[in-house]
2 protein chains.
Amino acid sequence: MQPHKRVMGSRANAKDEAMVKRTSFEGDSCPVARALEAIGDWWSLLIIREALSGQRRFGEFQSKLGMAKNILAARLRALVDHGILATAPASDGSAYQEYVLTPKGRGTFPILVALRQWSEEFDNHPEEIATILVDRKKGRPVRKLELRADDGRLLTQADTTLKLRPAPRRRSA
Amino acid sequence: MQPHKRVMGSRANAKDEAMVKRTSFEGDSCPVARALEAIGDWWSLLIIREALSGQRRFGEFQSKLGMAKNILAARLRALVDHGILATAPASDGSAYQEYVLTPKGRGTFPILVALRQWSEEFDNHPEEIATILVDRKKGRPVRKLELRADDGRLLTQADTTLKLRPAPRRRSA
DNA sequence: TTGTGTGGTTGCATTATAAAACCATAGGCC
DNA sequence: GGCCTATGGTTTTATAATGCAACCACACAA
């Protein structure tokens, strides 16, 4: 008989609501956390990346990314729920469905660019990176993303601060 | 005698090398995947975010983020291994250690800005976002991140393409 | 009607994450 | 020094997520 050292919940019978659950950032007030809630897992951004490069079919994502079909299905569902992808009834005639990016989905483009440029600049083996993002018209590499002030000055992290958002000021109703 | 808790490996005899493991993007040639390999999990970017806003101590991260100490420890170790954080021997006199951002760590700033701006633009409840990123000098909100061509033209996703990186052209030895 | 490809779901093993208990030092206090 | 507490973790245990393979449903073709 072990000294069952741990009383645990002691909630021997009740509802058993000690759910551990992978903490959600849904109600968090930090916009970074809120973004990660939607696309902060291992696969979502890669799916979006494929979608941005033109893939739309389940099988296309699956073969390009080499991921398990069940997680792909789960991720696609989550992305649709988050309004990042939408299901379109067809496109090539066949009665299958497709997954296309919504404006919200296409809006992730700067995130992907930022990730790419971070790898290009700091990766330990940048020579293993196969692709370059180029301006379509000239074919030349793009510049680094620029953060500018209202008046156009180029900003670094040190030039910025976080400020509390002013209260929404509700009308007295 | 404990019921030897878990068969675990059970590597009874043969190969048993069917390890499932959470697929790694380490060797992937896509820079986005390579970035996600380092900071693509649930907590790393939030830890980096706290570090960028000045936190350095284990307890500070733990209390600000409200995460379990064991995962915080694991994440900090991983971030140090990836060269994003470094441990500094002290700073306030006490013999404890601190975690400070390396240049590679500070280089993630555009990623965080991109995530923030994506939330600001597309979140379903943007009124719940508490903070605004402002220019420190003027106190006014910053502009959206800008992607520009070599010659300064502002680019959208549709104006860009991926090109294969030219071979490194090794000298004949 | 059988076959095949696409687009999934289900079952099971393994891994990661979470929460809480535990532990090892460091520093302060007497 | 001996005791206390705070800090900074590690260990233990439980639950959720992931990965793989097998299975299944339907569309379409022969």
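To find a chain, count down the sequence lines: A is the first, B the second, and so on, and within it residues start at 1. Being a predicted model, the structure only gives us computed values, none of them experimental.
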Checklist entry - Between atom CG of A:Leu36 and atom OG of B:Ser44, what is the distance when rounded to the nearest 0.5 Å? => result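 Reported to 0.5 Å precision, the distance equals 10.0 Å.
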Checklist entry - What pairs of residues pass the salt bridge (charged side-chain N to carboxylate O under 4.0 Å, His left out) test when at least one of them lies in residues 34-44 of chain B, not counting sequence neighbours? => result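 Of all non-adjacent pairs touching residues 34-44 of chain B, those that pass salt bridge (charged side-chain N to carboxylate O under 4.0 Å, His left out) are A:Asp123-B:Arg34, A:Glu128-B:Arg34, B:Asp41-B:Arg75.
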Checklist entry - Applying salt bridge (charged side-chain N to carboxylate O under 4.0 Å, His left out), which residue pairs with at least one partner in residues 99-121 of chain A are found, sequence neighbours left out? => result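 Only A:Arg116-A:Glu120, A:Glu121-A:Lys144 qualify under salt bridge (charged side-chain N to carboxylate O under 4.0 Å, His left out).
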[X] has an atom [atom1]; how far is it from atom [atom2] of [N], in whole Å?
{"X": "A:Ile71", "N": "C:dA16", "atom1": "CD1", "atom2": "P", "result": "13 Å"}
{"X": "B:Met67", "N": "C:dA19", "atom1": "CE", "atom2": "P", "result": "10 Å"}
{"X": "A:Leu46", "N": "D:dG19", "atom1": "CG", "atom2": "P", "result": "11 Å"}
{"X": "A:Arg75", "N": "D:dA16", "atom1": "CZ", "atom2": "C1'", "result": "12 Å"}
{"X": "A:Asp41", "N": "D:dT18", "atom1": "CG", "atom2": "P", "result": "7 Å"}
{"X": "B:Leu72", "N": "D:dT10", "atom1": "CG", "atom2": "P", "result": "10 Å"}
{"X": "B:Gln62", "N": "D:dG8", "atom1": "CD", "atom2": "P", "result": "10 Å"}
{"X": "B:Leu36", "N": "D:dT18", "atom1": "CG", "atom2": "P", "result": "14 Å"}

Checklist entry - For D:dT18, does either OP1 or OP2 sit under 4.0 Å from a side-chain N or O belonging to B:Thr23? => result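 No, because none of the side-chain N or O atoms of B:Thr23 sits under 4.0 Å from OP1 or OP2 of D:dT18.
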Checklist entry - How does protein contact run along nucleotides 2-9 of chain C, one letter per nucleotide 5' to 3', with B for base contact, S for sugar-phosphate only, - for none, heavy atoms under 4.0 Å? => result ---BSBBB
Next on the checklist: Salt bridge check, A:Lys137 against A:Asp135: does any charged N sit closer than 4.0 Å to a carboxylate O?
Outcome noted: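 The answer is no: the pair does not qualify as a salt bridge.
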Item to check | Lys/Arg N to Asp/Glu carboxylate O, B:Lys138 vs A:Asp150, below 4.0 Å | outcome: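 So B:Lys138 does not pair with A:Asp150 through a salt bridge.
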Item to check | Heavy-atom side-chain contact between B:Pro166 and A:Ile132 under 4.5 Å | outcome: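 The answer is yes; the side chains approach within 4.5 Å.
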